[in-house]
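By convention in this document, chain letters (A, B, ...) are assigned in the order of the sequence lines, proteins followed by strands, and residues within each chain are numbered from 1.
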Amino acid sequence: MSLSAEIKHLVSTTIAELYPEVDLNATPISINLTKAEFEGDYTVVLFPYVKTLRMKPDVLGNTIGEKLVAQHSLFSKFSVVAGFLNLTIADKYFIDLLQRNFNDKCYGTQALKNNKVMVEYSSPNTNKPLHFGHLRNIFLGAAVSEILKATGNGVVKANLINDRGIHICKSMIAWKKTANGATPESTGTKGDHLVGDYYVKFNELYKAELAQLIAGGMDEKTAEKEAPIMKEAQDMLRLWEAGDPETMQLWKAMNGWVYEGFNVTYDKMGISFDKWYYESETYLLGKKLVEDGLKKGVLFKKENGSIWIDLSADGLDEKLLLRGDGTSVYITQDLGTAKLKYEDFCLSKSIYVIADEQNYHMQVLQLILAKLGEPCAPTIHHLSYGMVELPTGRMKSREGTVVDADDMIAEMVQLALEQTKQQGKTDGFTEEELNQLAEMIGLGALKFYLLRVDPKKKMIFDPKESIDLHGFTATFIQYAHARICSILRKEQVELLPSAAQLNAAKAKTDIHKLEKDLLKHLELYPTVLNNASNELNPSEMCNYCFQLAQLFNGFYAELSISKAESEEAKHFRLMLIVMTALVLRNGMKLMGIALPEKM
RNA sequence: GGUCCGGUAGCUCAGCUGGAUAGAGCGACAGCCUUCUAAGCUGUAGGUCAUUGGUUCGAAUCCAAUCCGGAUCACCA
């Protein structure tokens, strides 16, 4: 049980004993961390009970406080200020906490549940390379997966590759027309970038044709439909659906290039998946669901043969599920894929990491599945996140206005390398070690930058301003960790201290305020992890780790460890920083960020 | 127009299951390295928590309305 839960329990019991007339269900105890300017650790708000009991707040507070301190060794003293009962936690609690957990690698993690949660993220199109906006999706999905694992869930990390459709045909057409057989090998270009270049090329050609048609007197709408290159792309899509051998061959080749490129990027970022779905294999799945729905009377057919669902009773519109010619639309595939995922893994929860522009789509998807009576419906959860935009607006691959993911990673690593060299603290490092460190710092900064903000908030990223390595950053946390490791090296502390050291630390009775602040924060880790898991929000963990590093830095500046005032204090502090380093490592690992021992 | 999301310091963001004088980082200014890593620490300046009204002993937090910004509402994906 967490400290605050324990306090809540003890206070509730005490109030119930003293004042049975108080209805604690109607007005539950409210416990907060005591504000820094007052003495104490946790505060009970008394106002809700003052009225019903018709007592003065200070009398009530003193009565409760006296009983608590007399009966429970958890509390060492109390004070009442206005309507607030400030409780001081006995040092022994924190000494025990440290003793129990300082080297527990599983501190805060929860026992394995017997469930399966799928987290689908990344899910790229195969017509262009990954950009900065995709990174937010990828890091979010990966972090949420790790957080769910740490809280005992069986997690399946899934990637649904959008490998078919008009967009890939556009790249294919442009390649056929202009590439002269260029391949990643022949050009020395990373496969995903090569294909992306032809996607941009397609749009250039398309625009030129549009301009010509419009100059010839055609209106814009017609021109968009009549442009020859667009017709070619649509013809190619038909050929693909018919399984035309030549088209399939080119499609496979170009997708293969893209996958090679993606895998390089995923590897670089430390991202992996347990299950890959390909839209080319799933895009026909939803049709049967739609046919069944029609039989059940949940759906209806219009004169032209198209099939719809009426969601107006739910405040939404009529939604098309199957075209008049019997072909699928976007949501048809998603219906089928949702069912497939559910049946593949017996999922208790299916999380979709998808940008908030698709909120409506996801809402409709879930509603339709529910109306069809599909058991997967209640398992679906849309983890919606805000898009990353440039100061000039949205990133658009076809316009070429994107910050490329590979470039961004390379830039951050380069920046980290320069600054590391400038610091001049890595003298004994080999070239290899230096590069590893730069990757840890550069990639860590990037991940943290994208994860530290509440997912639902939109972000604006200015490529002209490089991501900082000071302040609220991964670097700050990495640095605190390196400092701890430096002390531990110097003091030659093994991870498990000797019995003598343990006893020495136990003998310490008085805890300095800075030590206590650190311990109080360490105590919160399991609660924060649990919250981050419930909310699917890694930013809470980012904030927590940053605050912990901040508290450590304050402690470090004020209190010496190797020159502590006594042996007891020294061993106590060594244990304290061992635990701090452990929690920092575990917390940051959830975000895929490693902490160096030296930097 | 309907629905959804956001609006907190110059900038980027915490805080939002109601609690004490609204917190960090960046930027600005002033200090701190013969003592464990200064990628750090300490301090100063900087706020009508978009606006108005309501609920309450108490509102950045809950409710309503308004204003601003964004997303979305295709036989596109």
Side-chain angles (χ1 to χ4, degrees), chain A residues 28 30 32 34-38 43-48 50-51 57 81-84 86 125 162 164-167 279 283 302 304-308 314-317 319-331 333-334 355-361 363-364 384 386-387 389 393-394 416 419-420 422-426 441 445 449 452-454 456-462 465 468-473 475-480 482-491 539-540 542-543 546-547 549-550 552-564 570 573 577 598-599:
Chain A
S30 146
N32 307 76
T34 302
K35 293 243 164 197
E37 53 269 38
F38 300 100
T43 295
V44 183
V45 183
L46 299 169
F47 294 109
V50 167
K51 212 175 184 181
V81 182
F84 301 95
N86 298 328
N125 291 349
N162 192 349
R164 49 137 251 134
I166 193 73
H167 47 80
E279 212 181 275
Y283 82 109
K302 288 195 177 174
N304 65 357
S306 57
I307 300 179
W308 298 72
D314 299 275
L316 305 174
D317 305 313
K319 187 84 187 171
L320 174 87
L321 297 188
L322 215 54
R323 294 192 188 99
D325 63 6
T327 56
S328 305
V329 289
Y330 179 43
I331 200 151
Q333 316 171 20
D334 274 3
D356 59 8
E357 61 180 354
Q358 297 204 36
N359 284 354
Y360 180 79
H361 174 78
Q363 198 187 348
V364 168
S384 166
M387 313 263 283
E389 294 180 7
R394 286 177 64 163
Q419 299 217 5
T420 301
Q422 216 173 50
Q423 292 284 335
K425 295 174 188 172
T426 45
I441 294 170
Y449 179 84
R452 65 181 194 176
V453 182
D454 187 334
K456 70 170 174 283
K457 290 204 178 178
K458 171 177 90 177
M459 295 181 80
I460 292 174
F461 173 70
D462 189 346
E465 291 170 24
D468 207 344
L469 301 181
H470 302 271
F472 185 25
T473 62
T475 317
F476 181 94
I477 297 162
Q478 290 169 322
Y479 183 64
R483 277 174 142 183
I484 292 175
C485 291
S486 169
I487 299 169
L488 298 179
R489 269 195 305 275
K490 194 182 164 203
E491 295 297 327
S539 76
E540 293 182 23
C542 290
N543 275 293
F546 174 67
Q547 282 158 13
Q550 227 177 3
F552 166 76
N553 280 333
F555 159 83
Y556 175 92
E558 193 69 25
L559 301 172
S560 177
I561 292 156
S562 50
K563 289 181 187 163
K570 179 170 169 176
R573 285 176 195 162
I577 65 170
K598 211 174 162 186
M599 65 186 276

Verify the contact: side-chain N or O of [X] to OP1 or OP2 of [N], cut-off strictly under 4.0 Å; return yes or no.
X: A/S486; N: B/U37; result: yes
X: A/N553; N: B/C41; result: yes
X: A/R452; N: B/A24; result: no
X: A/K563; N: B/U35; result: no
X: A/R164; N: B/C76; result: no
X: A/Q550; N: B/G25; result: yes
X: A/H470; N: B/G40; result: yes
X: A/R483; N: B/A38; result: yes

Return yes if the base of B/A77 and the side-chain atoms of A/D334 contain a donor-acceptor N/O pair under 3.5 Å, otherwise no.
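Flag unset: no donor-acceptor pair detected.
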base_contact_polar (B/A20 base, A/T43 side chain, donor-acceptor, <3.5 Å)
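Yes.
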Nearest whole Å is fine: how far is [N] [atom2] from [X] [atom1]?
X: A/D468; N: B/A24; atom1: CG; atom2: C1'; value: 14 Å
X: A/Y283; N: B/C76; atom1: OH; atom2: C1'; value: 16 Å
X: A/Q547; N: B/G40; atom1: CD; atom2: C1'; value: 18 Å
X: A/E357; N: B/A74; atom1: CD; atom2: P; value: 15 Å
X: A/Q419; N: B/G40; atom1: CD; atom2: P; value: 10 Å

Sugar-phosphate or base contact per nucleotide [nucleotides 54-62 of chain B; S, B, -; heavy atom under 4.0 Å]:
---B-----
Which nucleotides of nucleotides 5-11 of chain B have their base under 4.0 Å from a protein heavy atom (B), which only their sugar-phosphate (S), and which neither (-), written as one string 5' to 3'?
SSS----
Would you indicate what [X] reaches in the nucleic acid, counting non-hydrogen atoms under 4.0 angstrom: base, sugar-phosphate, or nothing?
X: A/K35; result: base
X: A/D454; result: sugar-phosphate
X: A/L46; result: nothing

Syn/anti state for B/C73 [syn: chi within 90° of 0]
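B/C73: anti.
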Would you indicate which nucleotide in B/G40, B/G25, B/G19 comes nearest to any side-chain atom of A/N32?
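Nearest listed nucleotide: B/G19.
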Could you please name the option among B/A20, B/G40, B/A71 that lies closest to any side-chain atom of A/Y479?
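Looking only at side-chain atoms, A/Y479 lies closest to B/G40.
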Measure across A/H470 and A/Q419 and return the closest heavy-atom pair with its distance rounded to 0.1 Å.
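For A/H470 versus A/Q419, the nearest heavy atoms are NE2-OE1, 4.1 Å.
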Salt-bridged, A/R323 to A/D325, with N to O below 4.0 Å?
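Salt bridge between A/R323 and A/D325, a charged N being under 4.0 Å from a carboxylate O: no.
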Quick test of your reading of the model: are A/R394 and A/E389 salt-bridged, counting only N-O distances below 4.0 Å?
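Salt bridge between A/R394 and A/E389, a charged N being under 4.0 Å from a carboxylate O: no.
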In whole Å, measure the gap between the [atom1] atoms of [N] and [M] for me.
N: B/A9; M: B/G23; atom1: C1'; result: 11 Å
N: B/A65; M: B/C49; atom1: P; result: 22 Å
N: B/G6; M: B/G15; atom1: P; result: 12 Å
N: B/U66; M: B/G1; atom1: P; result: 11 Å
N: B/U48; M: B/U42; atom1: P; result: 27 Å

Stacking check: are the rings of A/Y360 and B/A71 less than 5.5 Å apart at their centres and under 30 degrees in tilt?
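Taking the rule of under 5.5 Å and under 30°, the ring of A/Y360 does not stack on B/A71.
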Using a 5.5 Å cut-off between ring centres and planes within 30 degrees, is A/F38 stacked on the base of B/A20?
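Base of B/A20: stacked against A/F38.
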Can you check whether A/K302's main-chain N or O pairs, donor with acceptor, with A/S306's side chain at less than 3.5 Å?
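Answer holds: no.
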Backbone N or O of A/L316 within a donor-acceptor pair of the A/D314 side chain at under 3.5 Å?
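Not confirmed, A/D314 side chain does not pair with A/L316 backbone.
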Report yes or no: is the cationic atom of A/R452 (NZ for Lys, CZ for Arg) closer than 6.0 Å to the six-membered ring centre of A/F546, at no more than 45° off its axis?
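Not satisfied by the 6.0 Å and 45° rule.
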Tell which nucleotide pairs with B/G19, taking only Watson-Crick or G-U wobble pairs whose two distances are both under 3.5 angstrom.
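Paired with B/C57.
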Watson-Crick or G-U wobble mate for B/C67, both contacts under 3.5 Å:
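The answer is B/G7, by the H-bond criterion.
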According to the interplanar angle, ranging from 0 to 90°, do the rings of A/Y449 and A/F461 count as parallel (below 30°), tilted (30 to 60°) or perpendicular (above 60°)?
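Taking A/F461 first and then A/Y449, their aromatic rings stand perpendicular (interplane angle over 60°).
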Suppose we call two aromatic rings close when their centres sit under 6.0 Å apart. Are A/F84 and A/F38 close by that rule?
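No, the ring of A/F84 stays outside the 6.0 Å limit from the ring of A/F38, centre to centre.
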Pick the nucleotide of RNA chain B nearest each of A/G324 and A/R394; which residue has the one closer to the 5' end?
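Looking at the nearest nucleotide for each, A/R394 comes out on the 5' side.
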Would you kindly compare A/F472 and A/Y449 by the position of their nearest RNA chain B nucleotide and give the one closer to the 5′ end?
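Residue closer to the 5' terminus by nearest nucleotide: A/Y449.
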From CZ (A/R573) to OG (A/S562), nearest 0.5 Å
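The OG atom of A/S562 is 10.5 Å from CZ of A/R573, to the nearest 0.5 Å.
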